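In what follows, every heavy atom counts, from backbone to side chain, and hydrogens, waters and symmetry copies are set aside. Source: prediction; values computed, not measured.
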Amino acid sequence: MSDLNTSEVKLFFLIGIPGLEHTHRWISIPICLMYLIAILGNCTILFVIGTETSLHEPMYYFLSMLAISDLGLSLSSLPTMLRIFLFDAPGISPDACFAQEFFIHGFTVMESSVLLIMSFDRFIAIHNPLRYSSILTNSRISIMGLALSIRSFLLVLPFPLTLKRLSYCHKNLLSHSYCLHQDVMKLACSDNRVNVVYGFFVALCTMMDLACIGLSYLLILKTVLGIASLSERLKAFNTCVSHICAVLIFYVPIITLAVMHRFAKHKSPLVVILIANVFLLVPPLMNPIVYCVKTRQIRDKILGKLFSTCSR
């Protein structure tokens, strides 16, 4: 699949699941279902929070931001995943590939940022509940949401710009079912040191988000342990369970992939591809489910709207 007769590669080729190419049509069925559930779930979260005035509180505004970033991740990767598994069309133009990796990385950084601000939200709610509403006002939440969006996309804006200036001479086979900056830059036949350094810087920013989330939970744990009543401790900590699940669902695949690339000498390409697909498919799918199961207010409002619709 290499374009050896021209000086510049005209198409990149994405990969499905090696060794299972003959079953791609069957694999597309659960993938389509996962995308459908993820998109419907996150749209439902946004609709319920937007239409229910009782949910116009900081926690639910941040949940809306998480749903938007999950929708962005799903819609960014959906075109190439469906083309590969449903239509057996792995080719993608360089410009389309650069655009896709910009949105995937942008919404990834945005989700990391939202998870960070949600951890601060939980700390304020537990540490200083009486001033919670006065600290997290609507105007401050709007500013934070805008700042997170600008930060996320400005941070990854150099990715497509620096990739576009590189030359791609012979290699054109990528390692995943979607375009990633670190994957594309390895195909370049020109100097990609700027991409390597800046890619490491963006990864470091994401890991700093995780470190700050960990610090927030240390402060939350200290506050919870200072509460005299055991039942009150459990009640306070229970408000964090959904967010902890969202953090684990998002960061575990990222850290696993990083460790495998860095330390696993004989890593299986199949395992790497499966974990990479889990990274984009599972968080948008599971976050709405986790928050609906663990957040009574969200669950009750969704069930109420379903029953009212069915009874008409």
Verify the cluster assignment for [X] and [Y]: are they in a single hydrophobic cluster under the rule of side-chain heavy atoms below 4.5 Å apart?
X: I289; Y: F279; value: yes
X: L270; Y: I27; value: yes
X: I135; Y: I117; value: yes
X: I49; Y: L40; value: no
X: L248; Y: V293; value: yes

List the atom of [X], the atom of [Y], and the distance in Å for their closest heavy-atom pair.
X: C97; Y: L174; value: SG-CD1, 3.9 Å
X: L86; Y: S28; value: CD1-OG, 3.3 Å
X: P253; Y: V278; value: CG-CG1, 4.2 Å
X: C240; Y: I126; value: SG-CD1, 3.5 Å
X: H105; Y: Q182; value: CE1-OE1, 3.5 Å
X: E111; Y: S69; value: OE1-OG, 3.4 Å

Taking only residues two or more places apart in sequence, or in another chain, which ones meet F85 in a ring-ring contact (aromatic ring centres under 6.0 Å, His included)?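 H24.
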Can you sort out the partners of F103 under ring-ring contact (aromatic ring centres under 6.0 Å, His included), two or more places apart, ordered by chain and number?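 F103 satisfies ring-ring contact (aromatic ring centres under 6.0 Å, His included) with no other residue.
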If you apply the rule side chain to side chain contact (heavy atoms under 4.5 Å, CB included), what do you find for M59 with R122, and how did you get there? CA-CA 8 Å; M59 173 184 172; R122 291 298 83 207; 3.8 Å; yes
Before you tell me yes or no, could you show the steps for F62 and L136 under side chain to side chain contact (heavy atoms under 4.5 Å, CB included), namely the whole-Å CA-CA distance, both residues' side-chain angles and the distance that decides it to 0.1 Å? CA-CA 11 Å; F62 293 130; L136 293 176; 4.1 Å; yes
[X]: partners by side chain to side chain contact (heavy atoms under 4.5 Å, CB included), with sequence neighbours left out:
X: I255; result: L210, Y251, V259
X: P288; result: N42, I45
X: R25; result: none

Quick one: [atom1] on [X] to [atom2] on [Y], what's the gap to the nearest 0.5 Å?
X: Y178; Y: L14; atom1: OH; atom2: CG; result: 10.5 Å
X: C212; Y: L115; atom1: SG; atom2: CG; result: 13.0 Å
X: S149; Y: F107; atom1: OG; atom2: CZ; result: 8.5 Å
X: S139; Y: I143; atom1: OG; atom2: CD1; result: 5.5 Å
X: Y61; Y: M144; atom1: OH; atom2: CE; result: 12.0 Å
X: L78; Y: L280; atom1: CG; atom2: CG; result: 11.0 Å

Linking directly or through intermediates, with side-chain heavy atoms under 4.5 Å: list the remaining ILVMFWY members grouped with [X], chain and number order.
X: I273; answer: I15
X: I29; answer: W26, L33
X: L130; answer: none

Given N192 and T162, is the side chain to side chain contact (heavy atoms under 4.5 Å, CB included) satisfied, shown in steps? CA-CA 9 Å; N192 66 356; T162 54; over 6 Å; no
Report yes or no: does [X] contribute a side-chain atom to a donor-acceptor pair with the main-chain N or O of [Y] at less than 3.5 Å?
X: S112; Y: T108; result: no
X: S167; Y: S190; result: no
X: S74; Y: L71; result: no
X: N172; Y: L11; result: yes
X: Y60; Y: I298; result: no
X: N195; Y: M185; result: no

Kindly indicate whether the side chain of [X], heavy atoms from C-beta on, has any atom under 4.5 Å from the side chain of [Y].
X: M207; Y: I254; value: yes
X: M34; Y: N277; value: no
X: H181; Y: V202; value: no
X: F250; Y: N287; value: no
X: H127; Y: L219; value: no
X: M65; Y: I141; value: yes

After noting the C-alpha distance and the side-chain angles of V194 and R165, does the key distance pass the side chain to side chain contact (heavy atoms under 4.5 Å, CB included) rule? CA-CA 11 Å; V194 172; R165 72 176 181 81; 3.4 Å; yes
Tell me the side chain to side chain donor-acceptor pair (under 3.5 Å) pairs involving residues 76-99, sequence neighbours left out?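 Residue pairs passing side chain to side chain donor-acceptor pair (under 3.5 Å), neighbours aside: Y35-S77, T80-Q100, D95-K164.
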In terms of ring plane angle, is the pair F201 and Y198 parallel, tilted or perpendicular, where the classes change at 30° and 60°?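 Judged by the thresholds at 30° and 60°, the geometry between F201 and Y198 is tilted.
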If the plane angle is over 60° it's perpendicular, under 30° parallel, otherwise tilted; pick one for Y168 and F12.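 The rings of Y168 and F12 stand perpendicular, inter-plane angle above 60°.
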List the atom pairs, donor and acceptor, that lie under 3.5 Å between side-chain atoms in residues 150-161 and the rest of the protein, sequence neighbours left out.
residue, atom, partner, partner atom, Å
R151, NH1, S113, OG, 2.3
R151, NH1, D209, OD2, 3.3
R151, NH2, D209, OD1, 3.4
S152, OG, M110, N, 3.3
S152, OG, L148, O, 2.7

According to disulfide (SG to SG under 2.5 Å), who are the partners of C292, at least two apart in sequence or on a separate chain?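 In terms of disulfide (SG to SG under 2.5 Å), with neighbours along the sequence ignored, C292 is linked to no residue.
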Under the side chain to side chain donor-acceptor pair (under 3.5 Å) rule, collect the residues that match up with Y217, sequence neighbours excluded.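 Y217 satisfies side chain to side chain donor-acceptor pair (under 3.5 Å) with H243 only.
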Can you find a side-chain donor-acceptor pair between Y132 and D121 that sits under 3.5 Å?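 Yes, D121 and Y132 have a side-chain donor paired with an acceptor closer than 3.5 Å.
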